[in-house]
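Below, chain A is the first sequence line, B the second, and so on; all start at residue 1.
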Amino acid sequence: MRRLKVFKSLLIDSLDVITHGSRKYHLWMGFLTFVMLVGMYCYSIQLDQGLSVTGMTDRVSWGLYISNFTFLVGVAAAAVMLVMPTYVLKDIDFKQAVLIGEGLAVAALIMCLAFVVADMGGPSVLWHMIPGIGVFNFPNSMLTWDVIVLNGYLFLNISIPYYILFRHYQGKDANPKIYVPGALISVFWAVSIHLVTAFLYQGLQARPFWNNALLGPRFLASAFAAGPALIILVLAIIRNYTAFKVENKTIGKLAMIVTVAAQINLIMLVSELFKEFYAPTHHSESAYYLFFGLHGKNALLPWIWTSIPLNVLATVLLTFGKFRNNFKVLYFCCFILFVAIWIEKGFGLIVPGFIPGPYGKIAEYTPTGVEIGVTMGIWALGAFVFTILAKTAIKIETGKLRYKKKDSQ
Amino acid sequence: MNNNCYTYSIGCLIMALFLSFSCKHKESKYHSLTDKIEEESKDFIGTDISLETLLEEMKLLEIHEEGHAFLIPERKGQLKSYACSECHTKPLASMTSLEIGKKAHWNVKLAHADNLTMNCITCHSESNLDELTSLTGSEIDFDASYKLCSQCHTAQFKDWTGGAHGKKIAGWAPPRASMTCVNCHNPHSPSFDTRWPSRFNTQMEKERKEGLSH
Amino acid sequence: MSENNTKWFSLNLSNSKPKQQASTCGCGNTSGGCGGHQNEIRSSAIGDERHKDGFEQVFDVQMDRRTAFKKLTASLLIGAGAVTTSCSVVADEKSKEKAQIDWEEQFKGNYKLMSDEEKKATVDRLVRSYELRTNKTISMTSENAQENVLFGYAFNISKCQGYMDCVSACVEENNQDRNSEMQYIRIHEMKDGQGLKFDEADDNYYHEVPAEGHFYLGTQCFHCDNPPCVDVCPVQATWREEDGLVVIDYDWCVGCRYCMAACPYDGRRFNWSKPEVPEDEVNKNQHYLGNRMRKKGVMEKCTFCVQRSRKGQNPACVDACPTGARIFGNLLDPNSTIRWVLENKKVFRLKEDLGTEPKFWYFMD
């Protein structure tokens, strides 16, 4: 009963927190709301006319939505990079940042789910997927595995920070005996969400571009580069605009993680390129399409040749401690690395899987305005959710938001 | 203590899931599809599906060739002016000498092998135009015209009796009814003509050309 | 349609109404000819008319963007449409029946798991719904797979001349969307002497055929015995029937297109928009798993014309082929022609190394 009361007060307080802020904050939220509304409008067009308003065709049947989904699963998985040292290795450094990381994971997961729903041809019958009411083709379909791990991860990433914040809100300490096991599970879980998402593609013998054993590990490596890179950027912004203290040491450690992951990712990229181009078979055609174009079709060339140099540049810069420890360079590196991996893991992974088609036919894919609108709307949704979560969390963590604080005043 | 139990049970659950997944590829009884087909058809007792009602109204003849028994459409009733003897009262030789006006079969141009190999009387009996004739001069009934074709086209004939050449009438279910040679091939000009395809997919063309179809 | 053994949730909007009765509009005219309703009924495929009730109203109706946007929030509430209907004063008996059907259709179970009565019930509902919407009667069946039947197909590469009559027949038989020119069959025009070079083949030629120095090879769904598309479907909306046909429950499909990515043979098609077939071209001889009208956002594909093959007939493509390049039959019947082909001809299949075991063989004379 008391808990309910506290919960209610937390809700009211956080509502108060998120509706008040500086002008910049209001502008930011207003902007996000506007983008979301545009996205919803675009989605309503898609609902009305069908997926034909997107650039997808029978040839390239997954596009921007699934690309972003794949990438964001990686971002979500990266929260583990903060969770692990903090809870498991008892490294105090990250304690401040971990809530941010988990908030980011929640936002990323919500975006993932939104992208999947946006990609569905029949959102009105999505209940067919709910176990019990519908038919859940488990364990045969990797998609059902993905549904389980994503929702499970979402649950973990909501419940752990919620528990901690809920205790802190009441001015109590969180009991590690309760949240550490959860954190421990979420560590394994994070790896599994990304591996399972990789298996989604890896298990298709029809698509040689995806059907290779390196896909899963490469997913992990790129995720652990892009995710913490985003966290670094977010922490930088939070540090600048709020009272929340993030130590340099924390960011330094995160930068180390990004560096190692980016290096591993680059090694795997080289290995992949070697396999595709040293002894090319007709299974290498997708890679040819991606990197050099095929039969005069080369829509992806500008993208991938933006991504690769950015990726290499960022990795090289980060490798040298001198650059890495210069925060301006670090932020720049994180940004370009994030963009590079977004291209490589999104577009660069999904679209070539379909080109050329099973019988070597090529139809290129270019997203339409509606599709881009929905995508931006979902990104705005993610940013919106994250802003709300982060703002509340920061207020609680900095001690400005406490249960019954108002009464004592 | 409780927490340990919790993690342990979750771990077990994950293991169980993985195990159940690894069993996805159900060990099938057969090594390949062909083995399966062979094995399962060993004691084939037939199905409930039959084409008899569909074939009821057609005039069909049963033939036995190369160890296969099946139905083919009757031919004589389909010919426009059978019996030929209604006009051809005299043997062919005496009719060619008449030379009056337009010839009766002016539209028949023989495009079947070349002149060295075939002319009208390679197949049509000179003396009895109601019958066809084999290379050795035996008479062949119009309804059994395939026997004429099979004299040269032995490979096609074998495929036809087996079912690899030609079309079936109505469906796959027994009884088997196949079209005979002349149902698809004009005996005077048996090869198929070149022609334009019956469809062209403009949408697919757009999709391939532009990359954007909408 | 008994209430106790259904797999769908039933919303009884009008208790007194006998469900299968044809005359409900009160004017005594059984064929729906009482003026007032006729304006509402436009002749087009299922679910196109403006006045719709039930769940469809929220999700599937053709509306301008402004209204669509307004209704977007409402659409989150399941059953909002049904509420409007039940509260609506103007709703007559017919639209109530429509709403009832829509509701039951929306919440029915997976066809694969239905009992024979349930299958029949949904087929009856679909037929009735079509009748209510278009005033036309269709015949739809739900025949199950027969015992001792396993369908197989053989394609004679030396015979095919590339006329594409099979493609035409398939489109007409299976009520495929005319707007997007959906086709299940592809005929690949290949150069002689280069083997099977699919990437250099043209599957959308338009010139006199057969072209000099080319041969033709057709592909479609191969009805694999070990179909990868079936494994990946998250909701079991596609499965392999006992007679070897790989089929889709169009109403159960959620439209994730995972099966499409998993198919190595380009056998599957997606309805990116609402499929449309001119009313007079609709093939009214339908099967639930076959050529019945689809909706937007679901998968479809070749079913070896289940509506024909389960009656003993050949698929439309086989019947349409003027050269006899297509052979269809029962693989379990040792005396069938398809068996003779497999045993006496040098047959091969495409991408056999993938282990999908297609039931579609190619051979040459």
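- Between C:Gln236 and C:Asn110, the side chains place no donor N or O within less than 3.5 Å of an acceptor N or O (distance only, hydrogens not considered).
- Contacts of C:Cys256 with chain A are made by both backbone and side-chain atoms, with heavy-atom separations under 4.5 Å.
- Donor-acceptor pairing under 3.5 Å is recorded for the side chains of C:Tyr184 and C:Glu300.
- For A:Met36, the CE atom is densely surrounded, since the number of other residues' heavy atoms within 6.0 Å is greater than 12.
- Using a 4.0 Å cut-off between charged nitrogen and carboxylate oxygen, C:Glu104 and C:Arg125 count as a salt-bridge pair.
- With respect to chain A, the highest number of heavy-atom pairs below 4.5 Å among C:Ser273, C:Pro228, C:Ala261, C:Cys233 belongs to C:Ala261.
- A salt bridge does not link A:Lys297 to A:Glu364: none of the charged nitrogens lies less than 4.0 Å from a carboxylate oxygen.
- Among C:Asp202, C:Val230, C:Asp266, the residue with the largest count of heavy-atom pairs under 4.5 Å with chain A is C:Asp266.
- C:Val247 is listed as a side-chain neighbour of C:Trp239, based on a closest heavy-atom distance under 4.5 Å.
- Per-residue heavy-atom pair counts under 4.5 Å with chain C were compared for A:Arg207, A:His282, A:Glu285, A:Met129, and the maximum is reached by A:Arg207.
- Contact annotation for residues 107-122 of chain A against chain C (heavy-atom separation below 4.5 Å, listed by residue number): A:Asp119, A:Met120, A:Gly121, A:Gly122.
- Taking C:Leu196, C:Asn271, C:Thr219 one by one and counting their heavy-atom pairs under 4.5 Å with chain A, the maximum is reached by C:Thr219.
- No side-chain heavy atom of A:Lys361 sits less than 4.5 Å from a side-chain heavy atom of C:Arg186.
- For C:Asp203, the parts lying under 4.5 angstrom from a heavy atom of chain A are both the backbone and the side chain.
- Crowding of C:Lys191 atom NZ: a count of heavy atoms from other residues, nucleotides or ligands under 6.0 Å not exceeding 12.
- In terms of heavy-atom pairs under 4.5 Å with chain C, the best-connected choice from A:Ile66, A:Leu143, A:Val147 is A:Leu143.
- Contact of A:Phe354 with chain C is made through the side chain alone, with heavy-atom distances under 4.5 Å.
- Taking the six-membered ring where the residue is Trp, the centroids of C:Tyr216 and C:Tyr205 are separated by under 6.0 Å.
- Here the rule is ring pair (Phe, Tyr, Trp, His ring centres under 6.0 Å) with A:Phe347, and of A:Trp62, A:Trp303, A:Tyr65 only A:Trp303 fits it.
- Using a 4.5 Å cut-off between heavy atoms, C:Thr356 touches chain A through its side chain atoms alone.
- Ion pair C:Arg349/C:Glu352 flagged as a salt bridge, since at least one NZ, NE, NH1 or NH2 atom sits closer than 4.0 Å to an Asp/Glu carboxylate oxygen.
- When the candidates A:Asp146, A:Thr144, A:Leu200 are compared by the number of heavy-atom contacts under 4.5 Å with chain C, A:Leu200 comes out ahead.
- Each of C:Phe270, C:Tyr265, C:Trp252 has some count of heavy-atom pairs under 4.5 Å with chain A, and the biggest count is that of C:Trp252.
- Looking at C:Val254, the atoms closer than 4.5 Å to chain A (heavy atoms on both sides) sit in the backbone and in the side chain alike.
- Residue with the most contacts toward chain C among A:Gly360, A:Ala206, A:Gly50: A:Ala206 (heavy-atom pairs, distance under 4.5 Å).
- With A:Arg59 contributing its side chain and A:Ala363 its backbone, the two residues share no donor-acceptor pair below 3.5 Å.
- Looking at C:Leu350, the atoms closer than 4.5 Å to chain A (heavy atoms on both sides) all sit in the side chain, from C-beta outward.
- By the 4.0 Å N-to-carboxylate-O rule, C:Asp251 lies close enough to C:Lys295 to be salt-bridged with it.
- Contact annotation for C:Lys112: neither backbone nor side-chain heavy atoms come within less than 4.5 Å of a heavy atom of chain A.
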